[in-house]
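Working notes, structure below.
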Amino acid sequence: HPDVIRGTVPINGVVQLNSADMAGLALANGLPATVPGIGSDIKAPGVTELAYPEVPVLAFRQVYGLMAVTHDLLPRIKCPALVIQAREDHVVDPSNGPRIVRRLGSSLIDFRWLDHSYHVATLDNDLDLIGCETLAFIRSIAGEPVRNFVFEAQHDEQEHLCQARRSRRQPAWRRCRRSPKNSLNN
């Protein structure tokens with residue numbers, strides 16, 4: 001729906017788990033109705049994610065199907081994309097970020113590794129960086145300044161923070177075009 005969706009920002013997205021244990025759990029017979037949930041994969045001390053203590057096995061099976069379908073449909077996504085992936089993630093294999101970039105059908109893809117967060121990056125150490133980069137991405141595809149009431153009150157302070165982060169960020173953003181010279185392993 002390019003008339004409605006102008007961009008996408010997957011953060012620690014998953015299209016493949018790469019885990020024999022998880023696959024066995026999803027497909028095994030005779031399992032209980034629920035299994036312990038996964039939550040709070042956060043590097044920042046003292047931060048806790050609100051998560052379910054248990055997950056229905058049936059829902060976990062459905063996630064496997066949805067991952068496969070999502071993987072297969074990625075080439076149909078033509079809108080600009082900002083793909084953000086934590087280098088260290090205990091829930092999703094970090095190879096998912098580069099895998100998503102390779103499969104997307106968009107001609108404009110930005111990719112960013114997070115070095116200071118785990119899976120729940122939007123509650124973790126890179127929260128401000130994610131906010132700044134997402135806002136910059138939205139502005140770049142909207143073609144005009146985008147401001148909402150959340151950022152309005154702190155706009156000047158937020159802009160200063162974003163500019164300071166951009167100026168000292170290492171390594172710089174990689175523009176990912178379909179080229180064998182691009183390396184997503186750095």
* With sequence neighbours excluded, what pairs up with Asp89 under the side-chain hydrogen bond (donor to acceptor under 3.5 Å, both in side chains) test? ->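 Listed in chain order: His119.
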
* Asked: In Å and rounded to the nearest 0.5 Å, what is the CG to OG1 distance from Leu74 to Thr8?
  ->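 Between atom CG of Leu74 and atom OG1 of Thr8 there are 9.5 Å.
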
* **Gap between atom CZ of Arg103 and atom OG1 of Thr70 - 0.5 Å precision** =>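 It comes to 11.0 Å.
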
Considering only residues two or more places apart or on different chains, which pairs with a residue in [range] satisfy side-chain hydrogen bond (donor to acceptor under 3.5 Å, both in side chains)?
range	answer
residues 26-44	Thr34-Glu54, Asp41-His90
residues 12-27	Asn12-Gln85, Gln16-Asn18, Gln16-Arg99, Asn18-Asp93, Asn18-Ser95
residues 72-82	none

* side chain to side chain contact (heavy atoms under 4.5 Å, CB included) with Leu127: which residues, sequence neighbours excluded? ->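 Checked Leu127 against side chain to side chain contact (heavy atoms under 4.5 Å, CB included); zero matches.
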
* To do: List in chain and number order the residues that pass side chain to side chain contact (heavy atoms under 4.5 Å, CB included) with Leu27, two or more places apart in sequence or in another chain; answer none if no residue qualifies.
  =>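 With neighbours one apart ignored, the set is empty.
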
Is any side-chain heavy atom of [X] closer than 4.5 Å to a side-chain heavy atom of [Y]?
X	Y	value
Glu49	Thr122	no
Ile130	Ile11	yes
Asp110	Val83	no
Val69	Leu66	no

* With Phe60 via ring pair (Phe, Tyr, Trp, His ring centres under 6.0 Å) - residues at least two apart ->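 Tyr64.
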
* Taking only residues two or more places apart in sequence or in another chain, which ones pass ring pair (Phe, Tyr, Trp, His ring centres under 6.0 Å) with His71? ->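 Listed in chain order: nothing, the list is empty.
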
Return the minimal non-hydrogen interatomic distance between [X] and [Y], and the atom names on each side.
X	Y	result
Val15	Asn96	N-OD1, 2.8 Å
Ala81	Ser106	N-OG, 4.3 Å
Pro94	Arg87	CG-O, 3.2 Å
Ser117	Ala86	O-CB, 3.3 Å

Should [X] and [Y] be counted in the same cluster of Ile, Leu, Val, Met, Phe, Trp and Tyr side chains packed under 4.5 Å apart?
X	Y	answer
Val14	Val91	yes
Ile100	Met67	no
Phe137	Ile84	yes
Ile77	Phe111	yes
Leu58	Leu25	no

Any ring pair (Phe, Tyr, Trp, His ring centres under 6.0 Å) pairs touching [range], not counting sequence neighbours?
range	value
residues 3-24	none
residues 12-52	none
residues 2-50	none

* Apart from Ile42 itself, residues in the same hydrophobic cluster as defined by side-chain heavy atoms under 4.5 Å ->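 In the cluster with Ile42 are Val47, Val120, Leu123.
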
